[in-house]
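Lettering follows sequence order; numbering is per chain, from 1. Only this structure's heavy atoms are used, side chains among them; waters, hydrogens and symmetry mates stay out.
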2 protein chains.
Amino acid sequence: MTSTEHGARPAVRPTRQRLAVAAALAGFDDFRSAQEIHDLISRQGDSVGLATVYRTLAALADAGEVDMLRNEDGEAIWRSCSDTHHHHLVCRTCGATVEVEGPAVERWTNAIASEHGFAEISHTLEIFGTCPACR
Amino acid sequence: MTSTEHGARPAVRPTRQRLAVAAALAGFDDFRSAQEIHDLISRQGDSVGLATVYRTLAALADAGEVDMLRNEDGEAIWRSCSDTHHHHLVCRTCGATVEVEGPAVERWTNAIASEHGFAEISHTLEIFGTCPACR
DNA sequence: GATCGGTTTGACAACGGTTCTCAACTACCG
DNA sequence: CGGTAGTTGAGAACCGTTGTCAAACCGATC
Ligand SMILES: [Zn+2]
Ligand SMILES: [Zn+2]
Ligand SMILES: [Zn+2]
Ligand SMILES: [Zn+2]
């Protein structure tokens with residue numbers, strides 16, 4: 001390791017491409033597919049390969065800077081999110097998203113899990129619907 | 001409509017293929033992909049086209065006789081389940097599955113959704129962990 | 001049993017999202 | 001600068017899933 005970082009991180013460079021993806025994400029407040037993000041970047045004159053968009057999104061998700069979840073068709077969709085644990089209420093039509101928290105739900109899932117002797121619990125909880133604007 | 005049924009159902013025939021899929025499902029107590037189900041049927045000497053497996057699973061899911069959810073890769077996986085609404089506690093290692101119910105959670109999701117004016121609500125809630133046997 | 005119309009099937013092609021490949025390129029350091 | 005490791009992009013490959021459509025099947029009817 002040659003970097004001056006003290007962690008074991010392999011040096012992530014702030015390239016033009018990665019900045020473009022970050023900017024695109026900042027421009028959305030709802031969940032978007034990799035292709036939609038790629039399209040937006042192109043439409044803005046900037047050019048970033050689709051593979052790079054995927055790579056960057058995966059890295060950001062890995063670092064916890066974006067949330068990735070899957071729509072009902074199984075496609076991955078991404079959104080930059082607050083860093084505290086939360087869930088989402090997502091419009092099936094336009095992608096409008098509301099972050100929601102539910103301490104009771106968190107307690108419930110943990111209770112259920114330990115009741116059955118399960119350890120290392122994680123959970124997914126997403127709510128889909130049609131938002132007021134799309135009705 | 002020519003059937004003697006009183007519903008509007010379009011007459012579903014209990015063909016050899018559909019019975020084979022149902023039998024395969026009965027042989028599993030955990031979630032499996034369409035291809036795994038197809039493989040099991042083949043391995044048992046029976047032969048059913050993959051497309052038919054997909055069609056049958058989709059129909060069963062539609063009729064509420066099997067649950068379909070998506071693993072972390074976005075692939076659809078199926079399991080025959082009780083016909084009441086419920087969620088799953090799934091072992092990340094061996095796939096062991098426990099059906100769980102949570103009226104409070106159902107109430108919470110509906111409340112959150114209508115609070116934000118969303119309609120036609122659906123939700124996904126799955127809990128993943130390591131079961132007692134796998135620890 | 002023969003006939004007939006709608007249902008079902010399966011081999012195969014097509015599709016679409018995602019990942020892989022690898023040579024060219026770039027940022028960073030000394 | 002020159003070296004080196006990280007990064008990129010075009011396109012191919014991958015793979016789960018869905019569409020196509022002619023042939024097979026089933027049940028009802030004659
Ligand atoms: Zn909407
Ligand atoms: Zn949670
Ligand atoms: Zn287990
Ligand atoms: Zn529920």
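A close approach under 4.0 Å does occur between a side-chain nitrogen or oxygen of B/T15 and OP1 or OP2 of C/dT9. An OP1 or OP2 oxygen of C/dG10 is reached within less than 4.0 angstrom by a side-chain nitrogen or oxygen of B/R16.
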Please write out each protein N/O paired with an N/O of nucleotides 24-26 of chain C under 3.5 Å, distance rounded to 0.1 Å.
unit_1 : atom_1 : unit_2 : atom_2 : d
C/dT26 : O2     : A/R13  : NH1    : 3.4

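With rounding to whole Å, A/D46 atom CG is found 10 Å from D/dG9 atom P. Between the P atom of C/dG10 and the CZ atom of B/R18 lies a distance of 11 Å, rounded to the nearest Å. The interatomic distance linking B/D73 (CG) with C/dG16 (C1') rounds to 16 Å, in whole Å. Atom P of nucleotide C/dG17 and atom CD1 of A/I37 are separated by 13 Å, given to the nearest angstrom. Rounded to a whole Å, the CG atom of B/D39 is 14 Å from the P atom of D/dC15. Rounded to whole Å, the distance from NE2 on B/H38 to C1' on C/dA11 is 11 Å. Summarising the geometry, the separation between CG on B/N71 and P on C/dT18 is reported as 13 Å, rounded to the nearest angstrom. Atom CD in B/E36 sits about 13 Å away from atom C1' in D/dG16, given to the nearest Å.
The residues B/R92 and B/E72 are annotated as not salt-bridged, no charged nitrogen and carboxylate oxygen being separated by less than 4.0 angstrom.
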_Contact letters for nucleotides 17-24 of chain D, in which S counts primed atoms plus P, OP1 and OP2 and B counts the base, heavy atoms under 4.0 Å_ = BBBB----
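Annotation: side chain of B/R79 is in contact with side chain of B/H88 (closest heavy-atom distance under 4.5 Å).
Scanning both residues, B/D73 and B/N71, for their nearest heavy atoms gives N-OD1, 2.8 Å. Here the shortest heavy-atom pairing between A/D67 and A/F31 reads O-CE2, 3.6 Å. Considering every non-hydrogen atom in both B/H87 and B/L125, the closest pair reads ND1-O, 3.1 Å. A/N110 and A/I121 get closest at one heavy-atom pair: OD1-CG2, 4.1 Å. Between B/I37 and B/A24 the shortest heavy-atom distance is CG2-CB, 4.0 Å. Contact detail for A/G102 and B/W108: the closest heavy-atom pair is CA-CZ2, 3.6 Å.
Checking side-chain atoms of A/R16 against main-chain N and O of A/D46 turns up no donor-acceptor pair under 3.5 Å. Checked by atom type and distance alone, the side chain of B/E99 pairs as donor or acceptor with a backbone atom of B/S82 at under 3.5 Å.
For the helix from C/dG1-D/dC30 to C/dG30-D/dC1, the end axes, each set by the C1' atoms of five terminal pairs, are bent relative to each other by 20° (nearest 10°).
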_Could you walk me through whether A/L40 and A/F28 satisfy the side chain to side chain contact (heavy atoms under 4.5 Å, CB included) test, starting with their C-alpha distance in whole Å, then the side-chain angles of each, then the deciding distance to 0.1 Å, before giving a yes or no?_
CA-CA 10 Å; A/L40 177 66; A/F28 289 128; 3.6 Å; yes
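Comparing D/dG9, C/dT8, C/dG10 against the side chain of A/Q17 picks out D/dG9 as the nearest.
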